[in-house]
Amino acid sequence: MIPRQAALSKTLRHFSSSARACVHISHIGKTPIPIPPNVTITQSQTSLQVKGPLGSTSVPLESYMKLAYPQENVLTIAVEDAEVKKQRSMWGLTRTLINNAVVGMTEGFTVPIYLVGVGYRAALEDDPRGTTNGGNGQRLNMKLGHSHNVYVPIPAHIKADVPSPTKITLFCTDKHLLGLFAARIRKWRPPEPYKGKGVFIGNEQIRIKSVKKK
C-alpha cells in the first residue's frame with residue numbers, strides 16, 4: 001500500500017507564479033535597410049528626410065523610434081519598448097516606409113495594368129484641360145465595354161506609357177500614390193469571375209466561376 005500522503009504528492013501539479021519571459025520582436029522592423037551611396041538621409045525629431053537622384057521625400061517618425069548605423073550605408077530601426085503593442089506595430093511600418101522611400105528616390109516603382117476583354121484598349125493622348133487640375137497634361141482614353149469612352153487624367157507625379165493597346169505602364173517615386181492611381185483605373189472595370197474580363201493590376205489573378213445551368 002502506498003501511503004496516502006505520497007499518493008497525493010504524485011497527483012498534485014506544481015505551478016509557478018513567476019512571469020514567463022516573453023520578448024516581442026518585429027521580424028520586419030529588425031531587418032537592416034541598405035542605403036545606396038547616392039542617397040542622403042537627414043533625421044529630425046519628427047521626420048526622416050530621404051534625398052536621391054529622383055527627388056526627395058520625408059517619412060514621419062514617432063518619438064520612440066531609434067535609428068542607428070551599425071555599418072556604413074546600413075540603417076537599423078528599433079523602438080524603446082517592444083512590449084508596447086503600438087510601438088511594435090509602428091516598428092515594422094516605419095521600416096517599410098523608409099525602405100520604400102529609399103527605393104523610390106533611387107529606382108522608382110513601376111506597375112503594369114492589363115486590359116482583358118474583347119474591344120478593350122487604351123491610348124495616351126493630350127488632356128484638353130492641360131495642367132489646370134493638377135495633371136501632367138495627358139490623359140488615358142480607354143474603351144472598357146461601356147457605351148462611352150473612359151477618360152482618366154494622369155496626375156503630375158505619375159508617368160504613364162501605353163506600349164500596346166491592352167497594356168498600360170505606370171511609374172512613380174511614391175509606391176502609395178502609385179497604388180492609389182492604379183486602383184482608380186481598375187475601378188472602371190474590375191475583373192469579373194465568370195468570363196475573366198476586366199482591368200488587371202500586375203500579376204493579379206481571379207478564380208473563374210462556372211455558370212450554373214438549369
Side-chain angles (χ1 to χ4, degrees), residues 22-114 131-140 152-161 168-187 190 199-204:
C22 182
V23 179
H24 292 92
I25 297 178
S26 173
H27 296 286
I28 297 178
K30 71 176 183 179
T31 307
I33 301 176
I35 307 299
N38 56 354
V39 173
T40 303
I41 293 182
T42 306
Q43 181 182 355
S44 64
Q45 294 182 353
T46 58
S47 65
L48 186 72
Q49 188 78 14
V50 179
K51 185 178 182 180
L54 300 182
S56 62
T57 184
S58 61
V59 179
L61 289 179
E62 299 291 341
S63 58
Y64 46 78
M65 288 294 170
K66 305 298 180 183
L67 305 184
Y69 296 89
Q71 301 176 7
E72 186 178 1
N73 296 331
V74 175
L75 174 64
T76 59
I77 305 174
V79 293
E80 292 181 352
D81 188 1
E83 299 300 318
V84 180
K85 185 177 181 180
K86 180 174 178 57
Q87 294 190 23
R88 192 166 63 250
S89 61
M90 291 298 296
W91 187 3
L93 174 62
T94 303
R95 191 267 175 196
T96 301
L97 293 177
I98 295 176
N99 184 70
N100 288 344
V102 172
V103 175
M105 295 301 106
T106 54
E107 304 174 4
F109 297 95
T110 302
V111 59
I113 298 178
Y114 300 96
T131 60
T132 54
N133 295 328
N136 65 356
Q138 293 181 319
R139 68 179 183 182
L140 291 172
V152 180
I154 302 174
H157 55 271
I158 299 288
K159 294 182 180 179
D161 185 24
I168 304 171
T169 303
L170 303 178
F171 174 84
C172 185
T173 58
D174 192 313
K175 189 175 183 180
H176 176 66
L177 297 179
L178 180 65
L180 290 178
F181 184 67
R184 179 182 168 190
I185 297 176
R186 182 184 182 273
K187 186 176 65 174
V199 179
F200 292 79
I201 300 177
N203 298 325
E204 181 181 5

- Message: Using side-chain contact (heavy atoms from CB on, under 4.5 Å), reason through V50 and V39 one step at a time and then give a plain yes or no.
- Response: CA-CA 7 Å; V50 179; V39 173; 3.9 Å; yes
- Task: Start with the C-alpha gap between I98 and I77, add the side-chain angles, then the distance that decides, and say whether side-chain contact (heavy atoms from CB on, under 4.5 Å) holds.
- Result: CA-CA 10 Å; I98 295 176; I77 305 174; 3.6 Å; yes
- Task: Output, in order, the C-alpha distance, side-chain angles, deciding distance and verdict of side-chain contact (heavy atoms from CB on, under 4.5 Å) for V79 and R88.
- Result: CA-CA 7 Å; V79 293; R88 192 166 63 250; over 6 Å; no
- Message: Go through it in stages, so that I can follow the logic: the residues are Q49 and S56, the test is side-chain contact (heavy atoms from CB on, under 4.5 Å), and I'd like the CA-CA distance, side-chain angles, deciding distance and then a yes or no.
- Response: CA-CA 7 Å; Q49 188 78 14; S56 62; 3.8 Å; yes
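The backbone N or O of D81 sits less than 3.5 Å from a side-chain atom of Q87, completing a donor-acceptor pair. Between the W91 side chain and the G29 main chain, a donor and an acceptor come within less than 3.5 Å of each other. R95 places no side-chain N or O within donor-acceptor distance of the main-chain N or O of A78, the cut-off being under 3.5 Å. With hydrogens and angles disregarded, a donor-acceptor distance shorter than 3.5 Å links the side chain of N136 to the backbone of Q138.
By the 4.5 Å heavy-atom criterion applied to side chains, P34 and N73 are not counted as neighbours. The shortest side-chain heavy-atom distance between L170 and I185 falls under the 4.5 Å cut-off. With contacts defined as side-chain heavy-atom distances shorter than 4.5 Å, the pair R186/I113 does not qualify.
Annotation: the span from I154 atom CD1 to L140 atom CG amounts to 4.0 Å, rounded to 0.5 Å. In this structure, T94 OG1 and N99 CG are separated by 12.5 Å, a value rounded to the nearest 0.5 Å. With values rounded to the nearest 0.5 angstrom, M105 atom CE is found 10.5 Å from N100 atom CG. Here OG1 of T76 is found 13.0 Å from NZ of K30. Values are rounded to the nearest 0.5 Å. The CD1 atom of I28 sits 11.5 Å away from atom OG of S89, with the distance rounded to the nearest 0.5 Å. We find the CG-CZ distance between D174 and F109 to be 8.0 Å, quoted to the nearest 0.5 Å.
Residue-environment remark: CG (N38) exceeds the threshold of 12 foreign heavy atoms within 6.0 Å.
Across all their heavy atoms, A101 and T57 have their closest contact at CB-CG2, 3.7 Å. Taking both residues in full, the closest heavy atoms of T106 and V102 are given as OG1-O, 2.8 Å, listed atom of the first, atom of the second, then distance. Listed here is the closest heavy atom pair of I201 and A183: CD1-N, 4.0 Å. Across every non-hydrogen atom of G202 and V111, the tightest pair is N-CG2, 4.4 Å. Considering every non-hydrogen atom in both L54 and E107, the closest pair reads CD1-C, 3.7 Å. P155 approaches F181 most closely through the heavy-atom pair CD-CE1, 3.4 Å.
The pair E62-K86 fails the salt-bridge criterion, with no side-chain N (NZ, NE, NH1 or NH2) lying under 4.0 Å from an Asp/Glu carboxylate O.
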